[in-house]
Engineer: 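Okay, here's the structure, questions in a sec.
A note on names: the letters A, B, ... follow the listed sequences, proteins ahead of strands, and every chain is numbered from 1.
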Amino acid sequence: MSPNRVTWRLVGMAALVVVVSAAAASVAFARATGTHSTKATTLVDGTTDSVTNIDPANEYDFGTFTLDVLIFQGLYGFPHGTKLEPVLATGCSPRPTLKTWVCTLRKGIKFSDGSTFDSADVKWSFDRVIKIHGDQGIYALLSNLQSTSVSGPYRVVFHLKSPQSTWPFILATNAGYIVPSDVYPADKIRTNDESQVGTGPYKLVKYTPGQQAVFQANPNYRGPKAKSENLIINYYSKSSTMKLALQKGEIDMAFRDFTPTELASLGKAQGIRVHAGNGVVIRYLVFNPTRAPTNNVAVRKAIAYLMPRQTIANRVYHGSVQPLYSMVPAGLPGHTDAFAQMYGRAPSVAKARAVLKAAGVTTPVKIDIWWTPSHYGDASADEYAEIQRAFNGSGLFQVTLKSAEWAQYSAEPGKRYNVFQLGWFPDYPDGEDYIVPFYQPDNFMANGYNNPKMTALIKKEYAAKTTAKRLAILKAAQVLAAKDVPIVPYWQGKMIAVSRTNVRGIDKTLDAAFQMRFWVISKS
Amino acid sequence: MAGQGTSLRVYLLTRLALAVPMVLILLTFVFLLMRVAPGDPISAALGGHAPQSVIDDIKHRLGFDKPTYEQYGNYLWDVVRGNFGTTITDRRQVSDIILTNGAATLELTFFAMIVAVLVGVVIGLAAGRFRDTPIDVGGRLFGIVVYATPVFFLGLMAQLLFGSYLGWLPTSGRASPITQATLQTHTNLFVVDSIIDGNWDALKDVIEHLILPAVTLGLVTAGVFIRLIRVNVIRTLKDDYIEAARARGIKEHSVLYRHAFKNALVPVITVVGLTLAGLLGGAVLTETTFNWPGIGHSLVLYLENRDYAAVQGIIVVFGLVIVVVSVLIDFVNAFIDPRIRY
């Protein structure tokens, strides 16, 4: 036997020994460590959302909000559903002018690092949001806040620029999340690779950008302990990969987002359950009422008559959205189906023709409708194909669809486009957040809508002293919005999560508050 | 000998000098491309919430409000200092992305290259040795098919077959979520990290996760190797020294393995380097298909979020890696093959 051959045989034997030892060690390790017990107490969620700044002073996107709602709390919040409740406060009450709100804080609250929560932290948190003036724009929610002062360790006073009856709703947004004053700097963002400290049900123990966020139940949390001791949120770039991972059991649940086709397929898959609850995400078509042809209200009304809401909900979204007949979604207090009352629930070509004829408009009216291909999901293409088919099919319009990517599309679209697609999810689940941003003069869409009657209603709503009065004003605003038609709302999305069948508690968190309260979810 | 040493030195210096304009062209191209793209990436990256005053603040902070020539100068100076910028959306240093996500890409491309070389060499040698037999036809066909198949399609099929249908392997990620959460990261190379910690359970999990993406990416590259090695083997087997070896009565086994195959593999060294560029390009698609958190995966995410600064930084680093590798390959070639330097 040649020396070469002997060497190779020795190498081969050594490799075999290494492989066998590794396999044995692997089995021993798996037995020694409690892999199975960790799996049982760890809930793994998948998402296609992304994360920007975890520090609440510069967080204004849903993907990051899903993390923040676990780590931080505000003076108010939605801990059990759509009902606004005091959380870190025992309550807030306004002075008669509604320009000053006094909040009494809850005692005995501790942050996840063990430090005590008091009024100094509250003032610090609000002041820093305004001072940092973060590039995500969250500070805009506090634009009505003049100053914050403390009155003892457990009392805080908010001084507003103008009366606002819905101030507690603002306190429930992420702009009102409280951070400890000795950890978070006053004038700059705490970066994602630094620890985050809050009073929420979970504490963030590890964050790897684009990969995963790992949480453990916060031992200092005031409320009932989280149902799952550990939580991992795993990030996916494609929903198709997330779907495979869910079906294979690599993740326990997924929130959000699957395409309508994937949802339909998962609905039939074995071992998988699709959960749906009231949602508050809406989609709508915006007009510029100052430029032809949409400066003619008859043209806008004709479009309102023709909008194929049910067809879009059925054909494009397979029932995962429902027709919407007001900017305020169904399920929120103050909602009224103003468009259904004024234009009917089903499209009507005859009524659209009549309104155009009465106004002396020559048909077909040529219009360009703008939409954006990726920002609102792949289904937008089908959605606008349906809209074009319905409008052109009436013989009253000649629609040309035009699209632009979000970068080009998003900045003040009303200045460039006459008819265009937009979507919205709220800063807080109240009708006000579906009326004020859209119908006030100089709104964010820059579509030029300006009706003094609507502006007066908005002002009255801000200053309404009772909820009943406020909701009545919101209803009046919806009716006026349907009459003026600067916007045609057309669908309202459901809040959808998909899980393996051994996951419990998801349905408790699917409501119009649109927050995934992972602390109520467990698996058997 | 002195003459040879001088010519090698001159060649290497020339090659290095040529790399400078190559890098400059690359940097200029990336700079211009990012600025001619339509729309306002700053406001898009901020999700459409930010008021104009904030957008203007960021443009000022990033220097985008300065004249283009000044921006260009600052950009080049930053790259020279190794500063590839900070992302707009999540304020990460691009260098941090390169370190953490780059390790994932390195791990994937390393194992993909092993797959490519193993598959390419075995099938290429067999096809060349048994020319015009069913083994040759099968090998060539396999090479063409894997080379022509889009990597994302191959990946998807592998996911469906081995992950979903047969259930043998995981379909995405570098490790299962719990393993990744508990694994101590020393190098960001999960295989190495789990070995350092003696965490064999994690090692098994990590290797299971590596198999599908590495094989997918490796097979596409293997197609090139199969055809190259087959041709080289056929040509080498016709060479005079092989005939001479046979005439001297050396066993056929030794002729093939010691003489023919060894020489047929020399050109592969060059191609291995050159295919690295293709491998990195393929890694972008493979990483996206398998949710593999490498640089390519990050590039796609930042592109979707229109993060101008991140995309620019990552593309520059990608380009620099390709330039460095191509220079290194030229160096290796110059050492191996004296004809190149003359």
Engineer: Verify, without hydrogens or angle tests, whether A:Q212 (side chain) and B:P177 (backbone) share a donor-acceptor contact under 3.5 angstrom.
Structural biologist: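 Present.
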Engineer: Looking at A:K206 and B:T182, would you say the former's side chain and the latter's main chain have a donor-acceptor pair under 3.5 Å?
Structural biologist: no
Engineer: Working to the nearest 0.5 angstrom, can you tell me the gap between A:K248 NZ and B:S176 OG?
Structural biologist: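 Going from the NZ atom of A:K248 to the OG atom of B:S176 covers 10.5 Å.
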Engineer: Within the structure provided, determine whether B:N291 and A:M242 are in side-chain contact (heavy-atom separation under 4.5 Å).
Structural biologist: no
Engineer: Mind checking side-chain hydrogen bond (donor to acceptor under 3.5 Å, both in side chains) for B:T100 and listing every partner two or more places apart, or none if nothing turns up?
Structural biologist: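 B:T100: side-chain hydrogen bond (donor to acceptor under 3.5 Å, both in side chains) contacts with B:R92.
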Engineer: Got B:D90 and A:N192 here, is their nearest side-chain heavy-atom distance under 4.5 Å?
Structural biologist: yes
Engineer: Flag yes if more than 12 heavy atoms outside B:N83 fall under 6.0 Å of its CG atom; otherwise flag no.
Structural biologist: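 Yes, because the 6.0 Å sphere around CG of B:N83 holds more than 12 heavy atoms from other groups.
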Engineer: Check whether any side-chain heavy atom of A:N58 lies under 4.5 Å from a side-chain heavy atom of B:R91, and answer yes or no.
Structural biologist: yes
Engineer: Could you grab the distance from atom CZ of B:F290 to atom OG of A:S237, nearest 0.5 Å is fine?
Structural biologist: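 Going from the CZ atom of B:F290 to the OG atom of A:S237 covers 12.0 Å.
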Engineer: Evaluate the criterion side chain to side chain contact (heavy atoms under 4.5 Å, CB included) for residue pair A:Q211 and B:N101; output intermediate values, then yes/no.
Structural biologist: CA-CA 10 Å; A:Q211 298 180 46; B:N101 299 73; 4.2 Å; yes
Engineer: Could you check A:K243, A:Q247, A:E250 and say which one makes a side-chain contact (heavy atoms from CB on, under 4.5 Å) with B:T171?
Structural biologist: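 Only one of A:K243, A:Q247, A:E250 forms a side-chain contact (heavy atoms from CB on, under 4.5 Å) with B:T171, namely A:E250.
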Engineer: Under a 4.5 Å heavy-atom cut-off, does chain B meet the side chain of A:T191, its backbone, both or neither?
Structural biologist: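 Neither part, no heavy atoms under 4.5 Å.
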Engineer: Above 12 or not: heavy atoms from other molecules or residues under 6.0 Å from CG of A:D187?
Structural biologist: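 Enclosed.
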Engineer: With respect to chain A, which residue among B:A104, B:P293, B:G173, B:A181 yields the maximal number of heavy-atom pairs within a distance under 4.5 Å?
Structural biologist: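 Most heavy-atom pairs under 4.5 Å with chain A: B:A181.
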Engineer: Enter the distance from B:H297:NE2 to A:Y236:OH here, rounded to the nearest 0.5 Å.
Structural biologist: 10.0 Å
Engineer: Which bit of B:I195 comes within less than 4.5 Å of chain A, counting heavy atoms only: side chain, backbone, both or neither?
Structural biologist: neither
Engineer: Measure distances from A:V51 to the heavy atoms of chain B and classify the residue's part below 4.5 Å as side chain, backbone, both or neither.
Structural biologist: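 Looking at A:V51, just its backbone touches chain B.
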Engineer: In terms of heavy-atom pairs under 4.5 Å, which option from A:L244, A:V214, A:I189 contacts chain B the most?
Structural biologist: A:L244
Engineer: Given heavy-atom pairs under 4.5 angstrom as the criterion, report whether the side chain, backbone, both or neither of A:I232 touches chain B.
Structural biologist: side chain
Engineer: Between B:V300, B:L156, B:L169, which residue shows the highest count of heavy-atom pairs closer than 4.5 Å to chain A?
Structural biologist: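 Looking at each option in turn, the highest pair count goes to B:L169.
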